[in-house]
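Below: one structure, written as structure tokens.
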Amino acid sequence: MKLYDLRTEYRVNPIGIGRIHPRFSWKMESKQADTVQKSCRVQVRTGEKMVWDHREESETSVLIPYAGTELEPETRYHVTVEVTDNHGNTASETMTFETGIFRPEEFQAKMITHDFPEEETACPVFYRTFPLKGVVKQARLYSTAWGVYEAYLNGARIGDERMAPGWTSYHHRLQYQIHDVTELLRNGCGNVSQNKNPEQDRLDTQNEVPKQAALEMIVGNGWYKGIFGFMLQSSLYGSRTGAFAELHLLYEDGSREVICTDEAWKVRTGEIRYSEIYMGETIDTDQPEIREGHVSVAEFDKSILTAQENEPVRITERIPAKELIVTPKGEKLVDFGQNLTGAAEIRVHGKKGQKIVIRHAEVLDKDGNFYPDTLRQAKSIDTYICSGEEQTFLPHFTFHGFRYLCVEGLDELSTDQFTACVMHSDMEKTGTFFCSNPKVNQLQSNISWGQRGNFLDIPTDCPQRDERLGWTGDAQIFSWTAAFHRNTALFFSKWMRDVAAESSLEKGVPHVVPDILGQYSSSAWSDVAVIVPWVVYQIYGDKGILEESWKCMHEWVDYIRSQCGENGLWQSGFQYGDWLALDKEESADRTGATDKYFIANAYYLYVTDLVKRTAEVLGLGEAAKVYQELYDNTLEAFRQEYYTNTGRIVSETQTGAVLSLYFDLAREKDRERILQTLRTNIENHKNHLATGFVGTPYLCHALSENGAHDLAAALFMKEDYPSWLYAVNKGATTIWERWNSILPDGSFDVSGMNSLNHYAYGSIGDWMYRKVAGVSQLEPGYKRFRVQPMFVKGIEEAGIEFESVYGKILSQWSCRDGKIRVHVEVPANTSAEIWLPEKDGAIKAGSGIHEYEYETETSLAFERFSMDSTLGEILAEPLAVEMFNQMAPGMLENPMLAMAHQMTMAELCAQAAEAKPLYGAVIGALNQQEIADANAKSKKMQ
Ligand code: BGC
């Protein structure tokens, strides 16, 4: 047995830890089956001093909070973990962590700003040189900005973050970044930055111990001051950018020094002449006019400072250009083959003063021309003025959503000049889904890219248009799926602190966080306050987020309660409803056909139950009772209001039925009827979905969990509009905002709201991983989990690999050539319940590898005939005619039947349910015949 992957607060040997009780985790690996932790010992030391020696007889190996003597700031601690397992083996491993500043009030630096006139668009460069008093032993830089910034020390870029300090609710919270800059001060100059400090030349040269150093911070407008929101407002948080930094130096002789931003700093403009997130960036390297300004100290409340909480935004992948295109209109385009978020790096050797303009788009129109309309008012234009030398350009303080570049100002293009730099919060990759169907694999890729494109410091709705806001509904809907792909614990914990900071009992929870719209409290959107902490707890076993969010979670339920009428239901105020559902003519409100207060109360019940369960987890017995009672009363009122005595729903839509079943709202006796309502509704839509943001995430789950998995599978595998694979067939490389973002004829939805990179409908991922691959957590963190694969026609093999907080879970199955094979890997210190397809009962499995192989008659090969085939297509087969004549004599002679040739079998079933078994038998026989014919053909060829 051995220990591996030790973490402090999810990070490997981190520095700058700002929590006073950081939490430790480790994983166990063992060749012996059924291994669990029996006891552990955690020792924390600094130098020779032991500050915590903790023993525990328990299986807990995830997020154990430090509880020793008070940690010192800016101190390195060594942690030794020793574990004994149930077989009597012992193993130990070590890690380190370093604390940062616990009390932000103790920072000595001042927020400095500049006095450039309002019309000046160039980014200010704050800088200062200072003598070094000796040889530096250790140096840490704490820095942040009003705006977005890059810091340079002796000309070398510090860190590799993009868009730091990230976006928080700046009124309440501002992150600072922490960097170990020791090497930059010991080894002299690094790479000279593009925005060269004028005093750079006077610095010591490379490899000599420098005697003086220069610190420089370039600040762009970013979210703080830049143009942002539908109305293209600017200065949302303040009218001037600013810089804040503190360099902590420890010299070899033991003396210390702190260099801070203050009145002694200088400011000038640099090569970045303009930079806006929506609009793009202009960089002039042809001796632009450099203006000197004056630095002044701005009033700033340091108590809002918080150490970097989530993984920063970074360039996580560099994608080479795939193809150059000249469009029918004569535009010169570069295609990267993937819709993505980030910026393009270009390498050029232009003439001095030559201007290159790069525009961005997600898609081409049906004639093959550049189509930037999905960007709406966002211009996304990067402009570069060349110096005459060979140069590489990449914008600093903007990002775009694009697949194509349109390049102006370059005569000759070559693919190797262009690289797409993919940017997003650098969350650890944890999950992959794979299967034998290439279209489903492309869908999985699109879902994953949707997350990469939109988890840019906050969960945004889209990365390309004049929006890119932290829409709470989208994030809530996608949060289960997201937590499978990447470790979202830190990302969501940080964002939930902003949700909490901007919510209140009086107004409820905002629609976007950080809140720049001032709109609050729609169900499914504001419910994020409860759902996301619950998701993080379930996936990572992180109770901390529940503790931190508890107030905001229960206050959201309390807020709804305060809005309820005498009947105890929430039936007033604004609601987004089943946003973008297809069951109502598109109208200004886009809310779909489901009664919006039905949705509001269904969610009210869902989150009340989660708040009750959270109270239980946190040991708040009284609160648990209160919310249980509220739940019971509300459920009763809900049933009175929204279901008839015989089980009809007030809103007989797909979403109405789905929420009734999935949230377990319907009376037990009515569930069967409601399932039938759902089936009929789907059949009436030619076996297609009609759901929007609210119904879509649960539609297939509700079917699979209620005995209609085949219908879920059929919906999932649809390839025509509206369906997930429809977009795949249309060449999508990300998830679209709408089912019809691109219409069958190649034209676009023109409602003025059409993004090709929105993740909400990617929430089907959760069903793919839990139902198709079959893995679900039974206990938080997957300490105990279930494996229960559910077959889908057209997929003969599927699986997932998921790096849980205990280690790698693998579940893989295949069903072909008359054999079912299942392979499951259960990490040490966890256990699983394995439900094999077509077998009864669960197998209890401890850690280790579990393999099964057995015979089956099931074939999952793609079938040509289904309930979607038209009657005409079916009757074209002589076998079908023969069967109808035999099983329903006279039926084909009915003259009305001629009119039904264009109808699908599903539509016919919706009209005459009693004919369903007959139709099913005919379809089954036709597919059997297809298989037999195909087998005969392949035998002949052999
Ligand atoms: C966003 C959505 C969001 C919605 C609110 C849109 O503009 O892009 O994804 O949830 O507004 O209804």
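All heavy atoms count here, side chains included; hydrogens, waters and symmetry mates do not. For this chain, numbers begin at 1 and follow the sequence in order. Numbering of ligands and ligand atoms starts at 1, following listing order.
- For ligand 1, the atoms lying closer than 4.0 Å to a non-hydrogen atom of E737 are 8 (O).
- Residue R465 has at least one heavy-atom neighbour below 4.0 Å for each of these atoms of ligand 1: 1 (C), 6 (C), 7 (O), 8 (O).
- The nearest heavy-atom contact from the protein to atom 5 (C) of ligand 1 is W471 CZ3, 3.3 Å.
- Ring to ring, Y559 and Y520 are not that close: their centroids are 6.0 angstrom or more apart.
- Of all the atoms in ligand 1, the ones that sit under 4.0 Å from a non-hydrogen atom of D461 are 1 (C), 8 (O), 9 (O).
- H511 does not count as a contact of ligand 1, since none of its heavy atoms falls under 4.0 Å from the ligand.
- A salt bridge does not link R486 with E428: none of the charged nitrogens is closer than 4.0 Å to a carboxylate oxygen.
- Put simply, no part of R376 is less than 4.0 Å from ligand 1, judged by heavy atoms.
- Residue K507 places its NZ atom among 12 or fewer non-hydrogen atoms of other residues, nucleotides or ligands, all under 6.0 Å distant.
- Looking from atom 6 (C) of ligand 1 to the surrounding protein, the closest heavy atom is E467 OE2, 3.3 Å.
- Of the polar atoms of Y576, none of the N or O atoms is found under 3.5 Å from an N or O of ligand 1, judged by distance alone.
- Salt-bridge formation is detected for the pair R173/D498: a Lys NZ or Arg NE/NH1/NH2 atom is positioned less than 4.0 Å from an Asp or Glu carboxylate oxygen.
- At a threshold of 4.0 Å, the pair K379-E276 does not count as salt-bridged, since none of the basic side-chain nitrogens sits closer than that to a carboxylate oxygen.
- Within 6.0 Å of CZ on R376 lie more than 12 heavy atoms contributed by other residues, nucleotides or ligands.
- With respect to the salt-bridge test (charged N to carboxylate O, under 4.0 angstrom), the residues K494 and D457 qualify.
- Atoms of ligand 1 lying under 4.0 Å from at least one heavy atom of H758, given by number and element, are 1 (C), 2 (C), 8 (O), 9 (O).
- Between Y237 and H171, the ring center distance clears the sub-6.0 Å criterion.
- Scanning the protein for heavy atoms near atom 2 (C) of ligand 1, the closest one is D474 OD2, 3.6 Å.
- Near W525, meaning under 4.0 Å from any of its heavy atoms, are these atoms of ligand 1: 5 (C), 10 (O), 12 (O).
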